[in-house]
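To start, the structure under review is shown below, and the notes come after it.
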There are 2 protein chains.
Amino acid sequence: MSGDAGSYDVTHYERPSVTVDVVLFALRDQELQVLLVRRSGWPYQGYWAIPGGFVHMEESLDEAALRELEEEAGVSDVYLEQLYTFGGPDRDPRTRVITVAYMAVVSADQISLRAGSDAAEARWWSMSALPGRLAFDHAEILSYALTRLRYKLEYTAVGFQLLPEEFTLPELQTAYEIILGEKLDKANFRKKLARGNVVESTGRYRETGGRPAELYRYREDAVAEVKARRLFP
Amino acid sequence: MSGDAGSYDVTHYERPSVTVDVVLFALRDQELQVLLVRRSGWPYQGYWAIPGGFVHMEESLDEAALRELEEEAGVSDVYLEQLYTFGGPDRDPRTRVITVAYMAVVSADQISLRAGSDAAEARWWSMSALPGRLAFDHAEILSYALTRLRYKLEYTAVGFQLLPEEFTLPELQTAYEIILGEKLDKANFRKKLARGNVVESTGRYRETGGRPAELYRYREDAVAEVKARRLFP
DNA sequence: TAAATAGTGTCTCTTAGACAATATTAT
DNA sequence: ATAATATTGTCTAAGAGACACTATTTA
């Protein structure tokens, strides 16, 4: 017992397995997409699942999640956040498996398409056209992740992670609209950004067919605040 | 691998231990207090710790947390919420221990003072006068729990859990002030409550020395929304 | 000039916060 | 009446949302 009287020999108890599962989001083809892998063996053979794997004995949970991202999706340097731990006794028919769910967010240009050294089949799915049934309780995890992403979008800078380093404000707004699933008002969107003081102009412009759009980057110290509460006050 | 190709025999891997640790908050003596237990053995012998224990193989994480609460504090029927999972490889010198941290909130009248059938010494500590050093990474967990409690207070009905079933609005306001550590404006506090539509009058009054205060209870369907976002819109 | 896209101004309504006023009890 | 406490009203400033306007480019 971690916080208990402590007269136990911790090696005596039967132990569950612990995994991390990582919901990886990206904006692709003007959609919010998620990376899933196809299971080749029992249970849920042929079903699509959130990528994940065992936590090794010498690594932290965050390290395990980053390692899985690297192995299965070939991505590094991502925004990563622990979501929730799912541990129902029957969620995996093989044995007791407790999984720590993570959410990761990348921009499309960070994705290296070698889909992972594991031979497992992996592909991106649009959040609006997912497979009918996912393996294990992964539909629940995915739903939880989407809720969290939308929520975070409102008061942190996580949205910037979905775009390349430089972006125009219309691009950023479109990204927000895709994730939130609703249209936003240009003027109000910009007012909010200005108040939060999270982006700065690069001085360059992108040609668009009409009036060129100014290119922005997010401010360095705003990045540090990504995890802080109420970035937009 | 929970979501992986699945050709692994999950019994082959060395497994960490999994515990739940439960931060139990209550309002006592006009203070926010937390229940801690004193460790009797190595490691951190004599140090105070957040109550917790192993997750059994046949119970869910929530069930494990509720069982610990019952065993170590004699409380049941509490507000319980999973916080975060701490899993650094060296957080326990005995072996790899991953702990799922929970927060629980009770009203003082729910506490049965038989402090737990475990012989371990347990007592309440004021959050403003904690022991200098806690066992393991429990100071971090406690700090995380306090942050979450304050945050939740602003947009859910978790505050009601700290009071008996019937309460006056000045009592409720005082509870909020104690937890947030700041004075609130009477009128604005009541406006917020009214907008949220979370309390209803019982028609009875409590004598106070001045004008009697009306007794309220929280509305049943508001209880169901405790976990929903933005109870106060 | 027209079309397309980017960017700004402004009005209204809601809300948060500060503060003042009124109400009801006991002594 | 006075003290103590509860409860309500109001003013102001800030913010959210809706909508219209202006600006700069290409064809």
Side-chain angles (χ1 to χ4, degrees), chain A residues 30 150-157 159 163-164 166-218 229-233, chain B residues 30 150-156 159-160 163-164 166-218 229-233:
Chain A
Q30 297 288 95
R150 286 178 168 162
Y151 181 55
K152 281 243 139 183
L153 213 54
E154 289 181 7
Y155 65 92
T156 73
L163 296 176
E166 298 194 349
F167 49 86
T168 69
L169 296 189
E171 286 166 359
L172 183 60
Q173 181 177 344
T174 301
Y176 270 68
E177 289 173 342
I178 289 169
I179 295 167
L180 296 175
E182 60 183 339
K183 279 290 187 187
L184 302 174
D185 182 275
K186 266 190 307 190
N188 299 336
F189 182 75
R190 285 156 185 262
K191 269 191 290 189
K192 217 167 172 177
L193 281 177
R195 252 207 330 284
N197 192 30
V198 285
V199 296
E200 63 188 7
S201 167
T202 66
R204 287 194 301 288
Y205 291 84
R206 172 168 297 162
E207 323 254 316
T208 62
R211 169 175 173 176
E214 191 160 12
L215 281 165
Y216 288 81
R217 69 173 78 89
Y218 47 107
R229 202 161 76 70
R230 293 275 164 215
L231 185 58
F232 305 111
Chain B
Q30 298 288 94
R150 286 178 169 162
Y151 181 55
K152 282 243 141 184
L153 213 55
E154 287 181 7
Y155 65 93
T156 73
F160 302 112
L163 295 175
E166 298 194 350
F167 49 86
T168 68
L169 296 191
E171 285 166 358
L172 183 60
Q173 181 176 344
T174 300
Y176 271 66
E177 290 174 341
I178 288 169
I179 294 165
L180 297 175
E182 60 184 340
K183 278 289 186 188
L184 302 175
D185 182 275
K186 274 186 300 192
N188 299 336
F189 183 76
R190 282 156 187 264
K191 269 190 289 188
K192 215 167 174 178
L193 280 177
R195 254 207 328 284
N197 192 31
V198 287
V199 295
E200 63 188 7
S201 166
T202 66
R204 287 195 301 289
Y205 291 83
R206 172 168 297 163
E207 323 255 318
T208 61
R211 171 174 172 176
E214 191 159 12
L215 282 164
Y216 287 80
R217 70 173 77 89
Y218 47 109
R229 203 161 74 72
R230 294 273 163 215
L231 186 59
F232 305 112

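Since this is a predicted model, take the numbers as computed values, not measurements.
For A:A175 against A:L163, the heavy-atom pair with the smallest separation is CB-CD2, 4.3 Å.
Taking only distance into account, the side chain of B:K191 meets the base of C:dG17 through a donor-acceptor pair shorter than 3.5 Å.
Following rounding to the nearest Å, A:L184 (CG) and C:dG7 (P) show an atom-to-atom distance of 16 Å. If you take OH of B:Y205 and P of C:dT25, they are 8 Å apart, rounded to a whole angstrom. Separating the CG atom of B:L180 from the P atom of C:dG17 is a distance of 12 Å, rounded to the nearest angstrom. We find that CD of B:Q173 is positioned 11 Å from C1' of D:dT7, with the value rounded to whole Å. If you take NZ of B:K192 and P of C:dA18, they are 12 Å apart, rounded to a whole angstrom. Rounded to whole Å, atom P of D:dA6 lies 15 Å from atom CG of B:L193. Atom P of nucleotide C:dT8 and atom CG of A:L169 are separated by 9 Å, given to the nearest angstrom.
For the pair A:Q173 (side chain) and A:L184 (backbone), a donor-acceptor distance under 3.5 Å is present.
Sequence neighbours left out, the pairs with a member in residues 181-210 of chain A that pass ring-ring contact (aromatic ring centres under 6.0 Å, His included) are A:Y176-A:F189.
In this view, B:R206 and B:E171 satisfy the salt bridge (charged side-chain N to carboxylate O under 4.0 Å, His left out) rule, not counting sequence neighbours.
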Fill in the blank from the handout: Contact string for nucleotides 19-27 of chain D, one letter per nucleotide 5' to 3', B = base within protein heavy-atom range under 4.0 Å, S = sugar-phosphate only, - = neither, reads B---BBBS-

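Put simply, CG on A:L169 and OH on A:Y216 are 4.5 Å apart, with the number rounded to the nearest 0.5 Å.
One finds no side-chain N or O of B:R195 lying less than 4.0 angstrom from the OP1 or OP2 phosphate oxygen of C:dT14.
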